[in-house]
Amino acid sequence: MKKTVIIILAVLPIFLLVTIAFAGKILSYYQDIAVERVAFVDILNNEWEEDDKFEIQMGTEKATTIRIYPEYATNKEVTYTSSDESICTVNENGVIYGVSYGNAQILVTTKDGNRTAFLNVLVRADKVIGVTLPVHEKTLNIGDSFKLTPEVQLPVADNKNVLFASSNPAVAKVNASGEITALSEGTAKISVTTVDGEYTDTCTVTVIKGIPTLVFDFTNADFITKAGSTYVTSTPTISLNDYIVFNPEKVNKEDIHVKATSNGSAVEIDQNHVLTFKKNALIQLMVYVGDEAKPVYQSKILLEWK
């Protein structure tokens, strides 16, 4: 009996130590462990530095990853916010969507402890995502011209070049700048296509026979002949008002302007639209109404004195 008591007394402290240790482990498991810190990390689990940029293409989405310290923290709930939702948005799972070109910050906040971390975001816009023409239907008289200026999405894209084409160039032709010239009665589809992405849009042009809106007409000028697409004058001085034909229902005579483009100072035009060649030269002659850069009506020809 005495021997048994001695054994029990010897084993009891060990049993108590084991029991206390096990109980402590259980208690620590169920005890709340506070969040100390949160950080954004990359695919290699490295933390993003303050100067790093998380890049995303406009019109796309991309997921982010965070790390909470300690890793065995009890409450790992977080919320995300964007500093500028016109640049990018972020959902409850930390997925970012690029709205428009620019820089913004994504903020993550832990529910436990209100710990925060920032991620610098750059929304790129170097790829074209579409193209739109200002009009999709246009009626022109024979001899009229009209310029299509496409809007390329996005204006900050690396390659904004476009190509123009006419489905019926005998009716309406178009040059590389989008300038349409109406040649004969009929219908033609003018298309614009982006080099980057091959996005396209079209404008249906209907050409009718009527009074030209605004053109040069040298039919009765016996000193001017035509060689291909170029008019050739045998005299250096021309009163252009005598050869400008316009539709008075659309154009006021007082609103008509004339401009000559040449290499160097080959010509001059006075306020009465009298053109004088100073030397033999080939020029582009333009008659227009409105702003020169975006005229309401215009017509262009090539004129040469030799």
Side-chain angles (χ1 to χ4, degrees), residues 128 130-153 160-221 224-233 240 242-253 255-261 282-304:
V128 172
V131 64
T132 305
L133 290 171
V135 295
H136 294 96
E137 292 184 358
K138 186 69 177 178
T139 299
L140 299 174
N141 288 317
I142 295 175
D144 284 355
S145 61
F146 177 77
K147 186 170 184 178
L148 287 173
T149 303
E151 179 185 351
V152 177
Q153 295 97 32
K160 296 181 287 184
N161 294 327
V162 297
L163 300 174
F164 289 94
S166 172
S167 66
N168 194 347
V171 171
K173 66 178 183 179
V174 62
N175 66 15
S177 300
E179 187 175 319
I180 303 168
T181 302
L183 301 176
S184 62
E185 291 182 276
T187 302
K189 281 188 178 293
I190 306 299
S191 63
V192 60
T193 304
T194 62
V195 173
D196 179 11
E198 296 186 350
Y199 296 96
T200 188
D201 198 11
T202 60
C203 174
T204 300
V205 175
T206 302
V207 180
I208 61 175
K209 188 176 182 179
I211 301 174
T213 302
L214 183 65
V215 295
F216 289 107
D217 185 355
F218 295 115
T219 304
N220 297 321
I224 291 181
T225 57
K226 194 172 183 183
S229 60
T230 302
Y231 290 87
V232 181
T233 176
L240 295 175
D242 297 337
Y243 305 103
I244 296 174
V245 176
F246 62 94
N247 186 337
E249 293 183 0
K250 297 181 179 180
V251 175
N252 293 322
K253 185 176 182 180
D255 296 332
I256 296 175
H257 306 282
V258 178
K259 180 184 178 181
T261 304
L282 174 65
I283 67 169
Q284 177 180 266
L285 197 58
M286 175 182 176
V287 59
Y288 64 96
V289 170
D291 181 35
E292 180 186 336
K294 294 183 179 180
V296 179
Y297 302 108
Q298 65 169 325
S299 182
K300 297 177 181 179
I301 64 165
L302 293 176
L303 180 64
E304 184 177 17

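What you see below is based on every heavy atom in this structure, not just the backbone, and it leaves out hydrogens, waters and symmetry mates. The shown structure was predicted, so the numbers you read here are calculated from the model rather than taken from an experiment.
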From CA spacing to verdict: side chain to side chain contact (heavy atoms under 4.5 Å, CB included), V205, T187: CA-CA 6 Å; V205 175; T187 302; over 6 Å; no
N168 side, atom CG; S184 side, atom OG - distance, nearest 0.5 Å: 7.0 Å
Partner set under salt bridge (Lys or Arg N to Asp or Glu O under 4.0 Å) for K259, not counting sequence neighbours: E292
Test log, rule side chain to side chain contact (heavy atoms under 4.5 Å, CB included), inputs N141 and V215: CA-CA 10 Å; N141 288 317; V215 295; over 6 Å; no
Closest contact, heavy atoms only, L133 versus P150: CD2-CB, 3.9 Å
From F246, F146, Y297, residue fulfilling side chain to side chain contact (heavy atoms under 4.5 Å, CB included) relative to T213: Y297
Interatomic spacing from NZ in K189 to OG1 in T204 - rounded to 0.5 Å: 3.0 Å
I211, CD1 atom: more than 12 neighbouring heavy atoms under 6.0 Å: no
Candidate pair L148 and I180, rule side chain to side chain contact (heavy atoms under 4.5 Å, CB included), full reasoning: CA-CA 7 Å; L148 287 173; I180 303 168; 3.5 Å; yes
Rounded distance (nearest 0.5 Å) linking atom CD of E137 with atom OG1 of T202: 9.5 Å
Residues that E304 engages under side chain to side chain contact (heavy atoms under 4.5 Å, CB included), provided they are two or more places apart: T230, V232, L282, K306
Nearest-0.5 Å distance, CD of residue E185 to OG1 of residue T206: 11.0 Å
Verdict with supporting geometry, Y243 and F218, ring pair (Phe, Tyr, Trp, His ring centres under 6.0 Å): CA-CA 6 Å; Y243 305 103; F218 295 115; 5.4 Å; yes
Minimum side-chain heavy-atom gap L240-L285 below 4.5 Å: yes
Side-chain (D196) to main-chain (V128) donor-acceptor, under 3.5 angstrom: yes
Reference residue E179; test salt bridge (charged side-chain N to carboxylate O under 4.0 Å, His left out); the match among K173, K147, K294, K300: K300
Heavy-atom donor-acceptor pair, Q153 side chain to V131 backbone, under 3.5 Å: yes
Rounded distance [0.5 Å steps], OG1 in T261 versus CE in M286: 8.5 Å
Closest heavy-atom pair and its distance - P295, Y288: CB-CB, 4.0 Å
Check: D201 side chain, V192 main-chain N or O, donor-acceptor pair, under 3.5 Å: no
Smallest separation among heavy atoms of T149 and P134, with atom names: O-CD, 3.3 Å
CG (N220) with more than 12 external heavy atoms under 6.0 Å: no
Verdict with supporting geometry, I244 and L214, side chain to side chain contact (heavy atoms under 4.5 Å, CB included): CA-CA 7 Å; I244 296 174; L214 183 65; 3.9 Å; yes
Atom of A182, atom of L140 and distance for their closest heavy-atom approach: CB-CB, 3.9 Å
Side-chain (S166) to main-chain (A172) donor-acceptor, under 3.5 angstrom: yes
Nearest-0.5 Å distance, OG1 of residue T194 to OH of residue Y199: 7.0 Å
For F164 against S177, the heavy-atom pair lying closest together: CE1-C, 3.8 Å
